[in-house]
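Just so you know, these numbers come straight off a predicted model, no measurement behind them. All residue numbers refer to positions in the sequence shown, counting from 1.
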Amino acid sequence: MPQYIAPLRDMQFVLHELLNVEETLKTLPKYAETDRALIDQVLEEGGKFASEVVFPLNHSGDQEGCHHDKATKSVTTPKGYKEAYQQYVEAGWPSLACEPDLGGQGLPVVVNNSFYEMINSANQAWTMYPGLSHGAYECLHAHGTPEQKEKYLPKLVSGEWTGTMCLTEAHCGTDLGLLRSKALPQPDGTYKITGSKIFISAGEHDMAENILHLVLARLPDAPEGSKGISLFLVPKFLSNADGSLGQRNPIFVGAIEEKMGIHGNATCQMNLDGAVGTLIGAPNKGLNAMFVFMNFARLGVGMQGLGLTEIAYQNALLYAKDRIQMRSLSGIKAPDQPADPIIVHPDVRRMLLTAKAYAEGARAFCSYVALQIDKELNHPDEQVRNDAADQVALLTPVIKAFLTDNAWIATSECLQVYGGHGYIAEWGMEQYVRDARINMIYEGTNTIQSLDLLGRKILMDNGAKLKKFGAQVQAFIEDNGTDEALSEFITPLADIGDKVTKLTMEIGMKAFQNQDEIGAAAVPYLRVVGHLVYAYLFAQMAKIALEKQDSGDKFYLSKLATARFYFARLLPETAMLIRQARSGAANLMALDADLF
């Protein structure tokens, strides 16, 4: 059966040795007192909660799923989910990175980020309930009215109430400009909202007493398209004047989607029939407000990819050390056994190292971006805040798409390690593959993330954000380029950096003539940029590992071997990707639709 142990040693390496978060946090007055001891204590307790409370419910929750009672229009989550959530609330986990004046603990995003990695590994379906709530908190905190903040934020911070994002409708997924839900103004300043939404994660459940739905809808005089969308807060239960729960609001679950994975999360069809809501932000500016939630969710989905990559790797590694099959090609390795453990076989090691490298690269990447968010929101220097904001904007679509693509690759490879047993439910690995597949789709498909990266985040500002990141990479190359011990990492890093620059310029020139060139190149282009980020981070990690390889701590030898594998076996994928991106739109668009 599967197991999960929080990778605390690697987390501590990333936070304290690679990123030196304590030093950065000292420059942020809000977090100046957050030291290594506190961070490590939070991670240790978070790891215990993930492995002891949430993880044991993962397989059973997948098998049981959620139950919809059509008569009462209620949803029951799998056995143990509600009780685990109460433990989560009682331990104060919902408030970890929330404002102290709202009842939060005021810890930085980079710490909360690491906690979420662990609970995503332990049970992605369960984690989506509190994860969406934190996104709702961020959106309301940024765009809510004073009355909304006072009334709703403390309940989200405490975890007493949860939140959702209600965007998608049956006839429109990514193209929200097509949505039809209507919001009619009322004399008391509220709105009555009517419409139907689909694919609403955690849309209805029994884990908390109230659910705050953030709903996109149109006002009667709204312009067509995305410029006519407003955002509304629609609670499951309205509140009385004293803050107690009042009457049931007519926003009900119509059905639970029967889906491929994340069975423990209630993915709902939601129907609104004159449900009472209040406006968040300005009229017809709903997407601007909702993007706070959407960007938070995109980073969160990247973390889901990391979480699944890590737990798939852990369990495949255990299996590979225990399962005996055939003898090593280079000679018997386990003479006391009738066959050798499969970890002696080169291709099994390739599969394991692929997952290991993608997990460790993702952990460094997510923590790096989380620290940039802390700087963006809290650094006293405006220029530092702006530079950090540019990096977050540039790298958010890469985190969402690259990490979830890699999770699909890694979980599939780890299933392959198990052979036939990987295909059998009792071993748990097939669930990780199924769960990983949705992460490439929701919160903006990975193609949409690729278009966002290339079209909006790079070409629209003539590559300014990319150049800033590239300058940072170049500075590292120049500082370490003469170190012969690092040349095996620095040389390919410099090479991929140069190729990204040239590829970007080439696509940009083609796009002047034909915008389809952006769509044709975007997906392979994003993976190339993702590899640039990983190469940069692995080169830095390799430098640290080289300096400490003789320390007696085998962790550094493992880190160095993983970095070498990444540069030798995974980074070369970029050669194929660059050729694909350069091949242009003609080979995709020449065939008439009738000839497919």
Side-chain angles (χ1 to χ4, degrees), residues 3-25 31 34-55 91 93 96-97 105 107-124 127 131 134 299-300 302-315 317 355-374 395 399 403 406-407 410 533-534 536-538 540-545 548 551 553-563 566:
Q3 70 175 51
Y4 174 66
I5 299 173
L8 296 177
R9 179 66 181 88
D10 198 51
M11 287 181 167
Q12 291 164 351
F13 169 80
V14 168
L15 296 178
H16 304 311
E17 297 182 67
L18 175 65
L19 299 178
N20 295 309
V21 295
E22 188 174 4
E23 294 304 309
T24 298
L25 295 176
Y31 303 129
T34 305
D35 60 13
R36 176 170 184 162
L38 175 59
I39 293 170
D40 288 350
Q41 182 181 12
V42 170
L43 296 184
E44 288 168 13
E45 292 303 316
K48 291 177 185 175
F49 178 81
S51 61
E52 296 173 8
V53 178
V54 183
F55 175 71
W93 292 114
L96 200 63
Q105 299 180 52
L107 288 175
V109 173
V110 72
V111 176
N112 196 51
N113 184 75
S114 296
F115 171 66
Y116 265 86
E117 179 202 326
M118 294 186 280
I119 58 176
N120 271 314
S121 277
N123 192 330
Q124 175 175 318
T127 299
H134 197 73
L299 293 168
M303 292 295 297
Q304 290 174 344
L306 164 56
L308 290 172
T309 301
E310 172 62 33
I311 193 165
Y313 165 67
Q314 285 191 20
N315 285 279
L317 176 62
K356 186 179 194 312
Y358 277 148
E360 293 180 12
R363 183 169 299 117
F365 191 2
C366 288
S367 296
Y368 174 81
V369 172
L371 192 60
Q372 297 305 311
I373 294 173
D374 284 321
L395 297 177
I399 278 189
L403 270 59
N406 292 344
V533 177
Y534 271 36
Y536 174 53
L537 293 168
F538 266 116
Q540 293 179 75
M541 292 189 283
K543 179 181 179 181
I544 298 167
K548 299 182 178 181
S551 65
D553 187 344
K554 293 182 179 179
F555 172 86
Y556 297 107
L557 298 177
S558 176
K559 181 65 69 177
L560 192 56
T562 306
Y566 170 78

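Looking at every heavy atom in both residues, A542 comes nearest to L560 through O-CD1, 4.0 Å. When all heavy atoms of L43 and M118 are compared, the closest pair comes out as O-CE, 3.5 Å. Minimum interatomic distance between S551 and Y556 (heavy atoms only, all atoms of both residues): OG-CD1, 3.6 Å. Of all heavy-atom pairs spanning A407 and G305, the tightest one is CB-O, 3.3 Å. A50 and A122 make their closest contact through O-CB, 3.3 Å (heavy atoms, listed as atom of the first residue, atom of the second, distance).
To the nearest 0.5 Å, atoms CG (L25) and CG (L371) are separated by 6.0 Å. One distance of note links NE2 of H16 with CG of D35; it measures 9.0 Å at 0.5 Å rounding. Here the straight-line distance linking atom CD1 of I119 with atom OG1 of T127 works out to 4.0 Å at 0.5 Å rounding. The distance from atom CE of M11 to atom CG of D40, rounded to the nearest 0.5 Å, is 11.5 Å. A distance of 7.0 Å separates OG1 in T309 from CG in L403, rounded to the nearest 0.5 Å. A distance of 6.5 Å separates CE of M541 from CZ of F13, quoted to the nearest 0.5 Å.
Residues passing the side-chain contact (heavy atoms from CB on, under 4.5 Å) test with V109 are A370, I373, D374, sequence neighbours excluded. Scored by the side chain to side chain donor-acceptor pair (under 3.5 Å) test, Q105 finds S95 as partners (sequence neighbours excluded). By the ring pair (Phe, Tyr, Trp, His ring centres under 6.0 Å) test, F115 is found to be paired with W93, residues two or more places apart in sequence or in another chain being considered. With sequence neighbours excluded, no residue satisfies side chain to side chain donor-acceptor pair (under 3.5 Å) with Q372. Residues that satisfy the ring pair (Phe, Tyr, Trp, His ring centres under 6.0 Å) test with Y4, not counting sequence neighbours, are absent from this structure. Partners of Y313 by ring pair (Phe, Tyr, Trp, His ring centres under 6.0 Å), not counting sequence neighbours: none found.
Classification of E45 and K48 as a salt-bridged pair holds, one side-chain N sitting under 4.0 Å from a carboxylate O. Ion pairing between R9 and E17 holds under the 4.0 Å rule for side-chain N and carboxylate O.
A donor-acceptor pair is defined here as one N or O able to donate and one able to accept, closer than 3.5 Å; such a pair exists between the side chain of Q314 and the backbone of I5.
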* To do: Evaluate the side chain to side chain contact (heavy atoms under 4.5 Å, CB included) criterion for residues T24 and V110: first the C-alpha distance (whole Å), next the side-chain angles of each, then the deciding distance (0.1 Å), finally the verdict.
  => CA-CA 11 Å; T24 298; V110 72; over 6 Å; no
* Can F555 and D10 be said to form a side chain to side chain contact (heavy atoms under 4.5 Å, CB included), step by step? -> CA-CA 8 Å; F555 172 86; D10 198 51; 3.4 Å; yes
* Asked: Passes side chain to side chain contact (heavy atoms under 4.5 Å, CB included), L395 versus F365? Steps please.
  -> CA-CA 9 Å; L395 297 177; F365 191 2; 4.0 Å; yes
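Side chains of C366 and E117 form no contact here, defined as non-hydrogen atoms less than 4.5 Å apart. Contact check for E310 versus N120: no side-chain heavy atoms found under the 4.5 Å cut-off. With contacts defined as side-chain heavy-atom distances shorter than 4.5 Å, the pair F538/T562 qualifies. The side-chain heavy atoms of N406 and Y534, taken from C-beta on, include a pair separated by under 4.5 Å. You'll find the side chain of H134 reaches within 4.5 Å of the side chain of Y116, heavy atoms only. The side-chain heavy atoms of Y368 and L18, taken from C-beta on, include no pair separated by under 4.5 Å. Residues R363 and P7 have side chains in contact (heavy-atom distance under 4.5 Å, counting atoms from C-beta outward). Using a 4.5 Å heavy-atom threshold, the side chains of T34 and I39 count as touching.
Of the residues listed (L537, L15, V21), the one engaging S367 in a side-chain contact (heavy atoms from CB on, under 4.5 Å) is L15, and it is the only one.
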